[in-house]
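Naming: A, B, ... by sequence-line order, numbering from 1 per chain. In what follows, every heavy atom counts, from backbone to side chain, and hydrogens, waters and symmetry copies are set aside.
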Number of protein chains: 2
Amino acid sequence: MKKYRIGIDLGGTNIAAGIVDENYKIIKKASVPTNIPRPPEAIVADMVALAQRLSESAGISFKDEVESIGVGSPGIILNGVVLQAGNLRFKNVPLADMISKASEKQVTLKNDGNAAAYGEFIAGCGKGKHSLVAITLGTGVGGGIIINGNIIDGCGGSGGEVGHVVVKAGGRKCVCGNRGCLEAYCSATALKKDTVKAMKKNPDSMLWQVAKNIDSVSGRTAFDAMRLGDTAAKKLVDSYIDYLATGVASLINLFQPEVVCIGGGIGNEKETLTVPLSERVSEFSCSFDGNITSVVTATLGNDAGIIGAV
Amino acid sequence: MKKYRIGIDLGGTNIAAGIVDENYKIIKKASVPTNIPRPPEAIVADMVALAQRLSESAGISFKDEVESIGVGSPGIILNGVVLQAGNLRFKNVPLADMISKASEKQVTLKNDGNAAAYGEFIAGCGKGKHSLVAITLGTGVGGGIIINGNIIDGCGGSGGEVGHVVVKAGGRKCVCGNRGCLEAYCSATALKKDTVKAMKKNPDSMLWQVAKNIDSVSGRTAFDAMRLGDTAAKKLVDSYIDYLATGVASLINLFQPEVVCIGGGIGNEKETLTVPLSERVSEFSCSFDGNITSVVTATLGNDAGIIGAV
């Protein structure tokens, strides 16, 4: 009898689940809204129900053919417990145990950024490599660090916070309370704010053409206007890439991984981002013979979290 | 018959060797000048002769009782080869093989910063812990990263460069070619330069009392003048600690080790440095319940390199 594993990516908006085979391919996936805030029990019940429905719809016996469940959750995770997860409003929730009891399956629980990094490591742009650092440029800057196949997540579960490498001492205030974090300069949120500022300063910029109005500015606006040849937009993107390269250089000087993998909304800019980023990084990092580390775009998108979780 | 190992710390100034027992205690040590620049063959001959003399003087048979030799060398090391070591002028030197042939012993070769970090991990302030980041505040800023007992040194041997975490994007030029590295702000060299600058700016400062003249400024000058109550010196030390705390916060947000261990010349300031540093770090790092990571002074001094090398 074939054995399958189910990966669940618990997000602030949706619970996404997928059945993963032994080659780390997703056979079938489904999702339901997370509807936060809700008590952990209600969310756990929905997660297990989703996993069961998903198995049935794929013609797989949940009881006999699903070996285990892997879960990626936001927050600080230690030994199967969510110590704290801001947007879920979880505090010291023994999530792995709760899901295990409700599903009668073995459950592993990891931080979602780490799970997604592991997914890219094992089945995406890090396939066949020994080490990978993933950076997800979204609402915040997340990611994960895999060295020799192991996730670096710290003695208390809050390591691997690549978004909170400080790139500028005493710089911009970050949501974490510190100043100058990579996240404060390179999240989509930060780029949007910088774009709005540039628009106000440059009323003739093509940024206005792309975004129409300030409310519809996105992380893509600056890149789109740059492609139209706009100078202010080019300046925005250059500065964004400079900060990102600074953070990536620090990560390479510390980990020298084989791959740095860029994902998230801004990661969708692909080579427009990774080509100049690689150039800046090789100027910035003090590695011996240049670019041993390759800086590439993540390949699995949202599936990385499901695949990595199993 | 008891078995011993010999650790050799190959430095730019001295070659230091020690006989280490199974409890990671140094039984006897000795050193000879490195006398650079010399061809690797001559340095290897001196290293092996030193190890043999050291064994004899301790009444230990080099042939029968010395099990293996561990060597810590500056530079980028990969698979027993020194790819590049600036001050030794080594390039692609198969140092482990050369020493092994000359001594007829099994030889392991590691970067000196990593070896010293491992020494502190196994026998110093990291004893009994699972993870440690060592920062050595000397002429440069070196160190090493040990996670779950493994040295993080990257896929090409140039990871673990804690001195080249960038603390200020676009900041001071660093010897590595990048800008804003921790080393450019927190080496003893940087502190000395900053001290001289402060002395020129403040002719009435007690910095002058401590150092007499500009040529005798050291990494201690600012700390000594601060202890006398000097304002300019206090400002210097505060700013130094701020940059160091920024770098340490980045390291904690990435690795969350159990211990951050501060060594080197400036590390000798002990609690004068580590107490305010810990305070700043706990403000700066985004770890969940504050100070899981303890920031302490290195305990083994120069012995760490010898002990870690074996």
Least distance between heavy atoms, Val166(B) atom then Ser250(A) atom: N-OG, 2.7 Å
Minimum-distance pair of heavy atoms, taken over all atoms of Ser131(B) and Cys155(A): OG-CB, 4.4 Å
Under a 4.5 Å heavy-atom cut-off, does chain A meet the side chain of [X], its backbone, both or neither?
X         : result
Asp242(B) : neither
Ile145(B) : side chain
His130(B) : neither

Side chain / backbone / both / neither for Leu254(A) at chain B, heavy atoms under 4.5 Å: both
Portion of Tyr243(A) that has a non-hydrogen atom of chain B nearer than 4.5 angstrom: side chain
[options]: which one forms the most heavy-atom pairs within less than 4.5 Å of chain A?
options                                    : answer
Gly75(B), Gly157(B), Ala169(B)             : Ala169(B)
Val165(B), Leu251(B), Asn148(B)            : Val165(B)
Lys129(B), Lys168(B), His164(B), Glu258(B) : His164(B)

From Ile292(A) atom CD1 to Ser158(B) atom OG, the distance as rounded to the nearest 0.5 Å: 5.5 Å
Ile152(A) and Ile147(B), any side-chain heavy atoms less than 4.5 Å apart: yes
Glu161(A) backbone acceptor or donor facing Asn253(B) side chain under 3.5 Å: no
Positions in residues 173-194 of chain B that reach chain A, provided some heavy atom is under 4.5 Å away: Cys176(B), Asn178(B)
